[in-house]
Amino acid sequence: MTLAKMLTGAAVLSLTAGAAFAERASDGQLNILYWQAPSILNPYLSGGTKELEAASLVIEPLARYDETGTMVPYLVDEIPTLENGGISEDLTTITWKLSDGVVWSDGTPLTAEDVVFTWEYCTNPDGGCAQASNFTDVTNVEAVDASTVKITFGVAKPFPYGPFVGGQSPILQKAQFAECLGAKAVECTEQNFAPIGTGPFTVTEFKANDVALFAANENYRDPAKPAFATVLFKGGGDAAAAARSVLETGEFDYAWNLQVEPEVLSQMQAAGKGEIISAFGTSVERIMVNQTNPDSALGDERGTVKHPHPFLTDRRVSRALSLAIDREILVEAGYGAAGQVTCNVLPAPAVYASTNNDWCKTQDIAAANALLDEAGWEVGSDGVRTKDGMRLSLLYQTSTNSVRQGTQALIKQMWSEIGVETELRNIDGSVFFGGDQSSPDTFQKFFADVEMYTNNFDGTDPETYMANWACNEIPSPENQWLGDNMPRHCNPEYDALVAEFGKTSGIEARAAIAIKMNDMLMEAGVIIPLIHRGNPSAKSNTLGGVKMSDWDSELWNIADWYRID
Amino acid sequence: MLNYTIRRLLFAIPTLLAISFIIFIVLDLSPGDPTGNLPLTIPPEVREQIRLSLGLGEPFPIRYLKWCQQFFINEPLNMIEQWTGWTIGSGERLRVLSWSTRSPVVDLVVERMPQTLWVVGMSQIVAVIIAVPIGVISAYKQYSIFDQIGTFISMIGFSVPTFFTGLILIVIFSVQLGWLPSVYDTTHRVTDWNSFWVQVRQMAMPTMVLALATTAQISRFMRASMLDNLNQDYVRTARAKGLRERSVVMIHVLRNSMIPVVTVIALGIPGVFGGAIITEQIFKVNGLGQLLILGIQGADIPLVQTLTFIFAVLIVMFNLIADVLYGILDPRIRYD
């Protein structure tokens with residue numbers, strides 16, 4: 001075959017392949033099942049993942065993150081950087097240039113004014129905007145001309161991609177929301193239920209907490225997309241039923257957040273109608289090790305830095321606790337394809353992941369016992385270690401969730417092998433994670449020795465996340481128990497690194513600092529990471545083009561999805 | 001009778017006000033935070049802002065009075081405006097807004113009414129249609145094969161929970177046979193015979209699951225009540241005077257036996273509006289039951305408060321209706 005023939009062949013192939021899904025609205029209806037239904041389609045008023053992802057079909061940010069965590073320009077032609085002059089030398093401004101010809105679904109052009117308005121909308125003090133943290137340190141957003149937006153920060157921002165990047169801060173249409181600023185935001189039901197967007201779909205019907213219907217956007221910038229004419233976005237039921245409707249009955253094409261026992265999922269998958277896919281972001285199921293004394297006898301001072309924990313401040317103890325855990329078993333029992341063993345509290349993106357703590361990957365009971373012996377804990381007659389009349393006994397709390405309770409039971413068993421007694425406790429999620437000042441059971445108050453939950457960070461930059469364990473983030477009665485430093489870790493060296501992180505630009509240099517901070521936390525033993533959690537979703541075998549990203553909405557590239565016949 | 005009804009209605013007002021106050025106190029004292037289910041990446045300052053924007057910063061009595069004003073004054077006015085097209089006052093008044101959806105609670109309730117009434121209401125109707133004949137025949141032919149089978153089926157209905165029967169039906173009819181959908185589509189519109197058939201198919205499983213449980217209950221009541229009456233003197237008299245057996249059973253005995261059954265049915269109707277929390281979840285019907293449970297989970301106090309109060313009103317109303325029905329069924333019962 002000559003080269004010319006091969007080229008023609010390839011050209012013909014690519015043409016036909018393109019033609020198969022090169023027509024808008026040619027693939028009928030796409031059925032998506034989110035078992036927790038979206039309650040509103042304005043992510044600024046909810047903050048929940050389900051609302052954010054449902055809204056991502058309609059409203060879009062300037063740039064999104066793809067499945068590898070790389071930024072993809074959406075409403076702009078290129079991502080501003082120091083090199084192309086989009087970011088100023090002093091790191092305080094970033095200038096975005098909107099693409100030409102982008103229009104809203106009602107046909108009016110997208111302008112820089114809309115972007116400015118979105119910032120005003122979210123930062124209005126009476127609005128209760130759930131995504132306000134995306135606009136931290138932003139002092140001004142201005143429209144330089146109709147298609148140029150300049151964002152100014154009050155401080156030098158080495159990573160200025162917080163505002164308007166990723167699913168959390170999409171652009172709202174000024175014309176539609178102009179009357180909904182501040183306290184008025186909640187009364188604009190019509191707007192909140194059917195925002196006008198630039199995305200591939202438009203809202204045709206929305207029933208809160210039940211169902212949303214979308215239709216292909218006639219004015220979408222790519223004339224060949226989206227392939228689906230309509231989207232049915234149904235909610236309700238539970239995770240197992242959602243998995244069944246994709247994998248077994250085939251009624252739905254895509255189901256989200258399937259935290260179901262792994263053996264149940266693999267059984268369903270055997271029906272051959274669909275498959276489980278996972279995206280790994282930054283979620284880590286971890287055990288926080290309390291550095292302060294939670295004893296109720298201390299009254300108002302319990303759980304504050306005035307009273308260090310009687311034995312958990314000894315890093316040998318917490319290292320022994322970590323070594324005694326067989327993380328592989330936890331993954332197998334509770335997570336399956338949706339979990340990986342991790343020894344870092346910062347496991348991703350890959351460039352930020354440390355490899356210095358891999359000792360925790362394999363269980364080592366002998367080493368754990370040796371550490372406790374060295375620390376002076378002796379095994380008593382009932383198998384529980386004691387030291388100076390104090391028993392090595394832990395109160396271990398977490399939120400109510402069957403997988404978490406399973407993990408708790410396994411860890412209790414593993415810890416009993418090294419002579420640690422564990423009392424288990426679980427608290428309803430809305431109380432545990434709800435910041436109710438009057439409740440003693442919140443994860444911030446942390447009136448227990450160890451507690452387990454998952455946390456993550458949005459986007460790809462860990463700066464704010466790593467700053468969680470600085471001294472000034474310690475929850476205490478003085479700051480109404482607000483703050484994210486649950487273990488109450490305080491180390492001036494760490495604080496210095498936090499400050500340095502805020503001044504360093506360039507991915508490699510930032511990664512080096514992040515790894516150092518992660519290792520410091522692991523060495524101090526204030527956090528015992530367990531599992532790097534992925535988000536499992538199910539997709540039908542007839543659905544193509546899905547590229548699950550945990551860095552943005554899972555449905556970020558829904559415009560590219562198509563039906564495989 | 002009319003006097004009695006009016007008196008009862010007047011009594012209902014303070015009762016309902018007290019109920020609404022108690023519901024409000026209980027909800028206020030219960031732990032839970034409307035921002036508790038948000039992702040942990042949302043910082044506490046932002047959460048505090050959200051709570052303030054929901055009006056949680058105000059003291060308890062003010063919030064209660066505000067709810068009263070919104071529910072007892074603004075909502076009825078709004079309803080009148082919608083029905084008549086008039087504008088009363090400025091037309092601008094704050095309605096009871098749900099915290100999680102930021103939309104008026106009453107609209108949410110209205111939106112969910114159709115599927116709840118279709119599914120749960122139909123199950124009640126089906127249950128009554130099946131249960132009354134079963135109860136009558138079982139009692140008339142006590143200890144016959146029919147009675148034994150009827151008893152067996154009602155025992156199943158009583159003892160097997162709906163989350164189990166629901167799953168069994170899904171596995172058989174959706175997964176194995178593929179006949180019926182396991183997900184209820186609330187956007188479906190009935191426009192012709194074809195779409196009516198689709199509606200029947202999607203209602204079939206949830207309705208049957210619920211009807212089984214209700215049938216069991218009603219048929220047992222019916223049977224017991226019929227047995228009581230069949231041995232009464234008036235039945236012997238009726239037979240002695242030569243009435244046909246059919247009219248003895250179907251007119252004399254049945255009518256007298258209906259009194260306790262009417263109570264069960266009437267008090268079951270508020271339950272219809274309450275939805276069927278578990279069955280709705282299984283078949284994703286997303287009616288009032290699911291709305292309530294989501295409200296509770298999300299600590300959406302205005303939603304839970306309004307819904308539970310509406311249920312309270314319905315229960316008080318249907319109690320009254322049951323009492324009035326006694327008088328119609330049995331002319332000896334008079335309240336004046």
Side-chain angles (χ1 to χ4, degrees), chain A residues 33 37 39-40 42 45-49 125-133 183 185-189 192-193 205 207-211 213 232 234-238 241 244-245 248-249 251-252 271 428-436 438-439 441 444 453-458 482-484, chain B residues 30-54 94-95 97-104 107-108 111-112 115 167 170-171 174-175 178 181-187 280-287 290-291 294-300:
Chain A
L33 186 61
S39 58
I40 194 168
N42 180 352
L45 292 183
S46 150
T49 319
D126 301 322
C129 176
Q131 308 294 354
S133 56
V186 293
E187 291 168 44
C188 288
T189 308
N192 293 334
F193 279 7
E205 189 177 347
K207 293 184 174 178
N209 287 332
D210 175 19
V211 68
L213 272 177
L232 174 76
K234 172 84 179 170
D238 56 88
R244 186 180 308 114
S245 66
E248 286 193 313
T249 68
E251 289 166 89
F252 279 79
D428 184 78
S430 70
V431 175
F432 188 61
F433 296 118
D436 186 359
S438 57
S439 167
D441 296 325
Q444 284 112 336
Y453 60 93
T454 287
N455 201 355
N456 67 328
F457 58 94
D458 289 330
L482 297 175
D484 287 310
Chain B
S30 58
D33 173 19
T35 62
N37 285 335
L38 295 182
L40 293 178
T41 46
I42 292 181
E45 316 77 89
V46 177
R47 285 169 197 263
E48 192 52 36
Q49 286 253 318
I50 295 175
R51 269 181 232 122
L52 289 179
S53 77
L54 297 173
L94 199 56
R95 304 177 59 188
L97 291 181
S98 141
W99 285 347
S100 65
T101 71
R102 315 290 179 115
S103 66
D107 290 1
L108 289 177
E111 196 174 275
R112 269 134 193 279
Q115 54 260 39
L167 270 184
I170 288 185
V171 168
S174 295
V175 177
S182 71
V183 178
Y184 188 97
D185 180 4
T186 47
T187 59
E280 283 187 7
Q281 286 282 349
I282 294 173
F283 295 99
K284 298 158 205 78
V285 177
N286 296 350
Q290 189 245 12
L291 186 65
L294 280 182
I296 294 171
Q297 282 169 349
D300 190 345

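This structure is a prediction, so every number in the text was calculated from the model and none was measured. Just so you know, these numbers use all the heavy atoms, side chains as well, and skip hydrogens, waters and symmetry mates. In what follows, every chain begins at residue 1, and chains take the letters A, B, ... in the order their sequences are listed.
To the nearest 0.5 Å, atoms OG1 (B:Thr186) and NZ (A:Lys207) are separated by 4.5 Å. Note: B:Ile170 CD1 to A:Thr249 OG1 = 8.5 Å, rounded to the nearest 0.5 Å.
Minimum heavy-atom separation, A:Glu251 to B:Val183: OE1-N, 3.4 Å. What you find for A:Ser39 and B:Ser100 is that their closest heavy atoms are OG-O, 3.1 Å.
In this structure, chain B has a heavy atom under 4.5 Å from the backbone of A:Cys129, while its side chain stays farther away. For B:Arg95, no part lies under 4.5 angstrom from a heavy atom of chain A. The part of A:Lys234 that comes within reach of chain B is its side chain, from C-beta onward, which places non-hydrogen atoms under 4.5 angstrom from that chain. In this structure, chain A has a heavy atom under 4.5 Å from the backbone of B:Gln297, while its side chain stays farther away. Proximity to chain B (any heavy atom under 4.5 Å) is shown, for A:Asp210, by both the backbone and the side chain.
Top candidate by heavy-atom pairs under 4.5 Å with chain B, chosen from A:Leu45, A:Asp441, A:Asp428, is A:Leu45. Heavy-atom pairs under 4.5 Å with chain B were tallied for A:Ile40, A:Leu33, A:Asn209; the largest tally goes to A:Asn209. By number of non-hydrogen pairs under 4.5 angstrom with chain A, the leading residue of B:Ser182, B:Ser174, B:Ala299, B:Gly298 is B:Ser182. Interface check for chain B: of the options A:Gly235, A:Ala185, A:Ala183, the most heavy-atom pairs under 4.5 Å are formed by A:Gly235.
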- Start with the C-alpha gap between A:Leu232 and B:Thr187, add the side-chain angles, then the distance that decides, and say whether side-chain contact (heavy atoms from CB on, under 4.5 Å) holds. CA-CA 9 Å; A:Leu232 174 76; B:Thr187 59; 4.0 Å; yes
- Message: Pair A:Asn42, B:Arg102 - check side-chain contact (heavy atoms from CB on, under 4.5 Å), show working.
- Response: CA-CA 10 Å; A:Asn42 180 352; B:Arg102 315 290 179 115; over 6 Å; no
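Between B:Ser103 and A:Asn192, every side-chain heavy-atom pair lies at or beyond the 4.5 Å cut-off.
Between the side chain of B:Thr101 and the backbone N or O of A:Ala208 there is no donor-acceptor pair closer than 3.5 Å.
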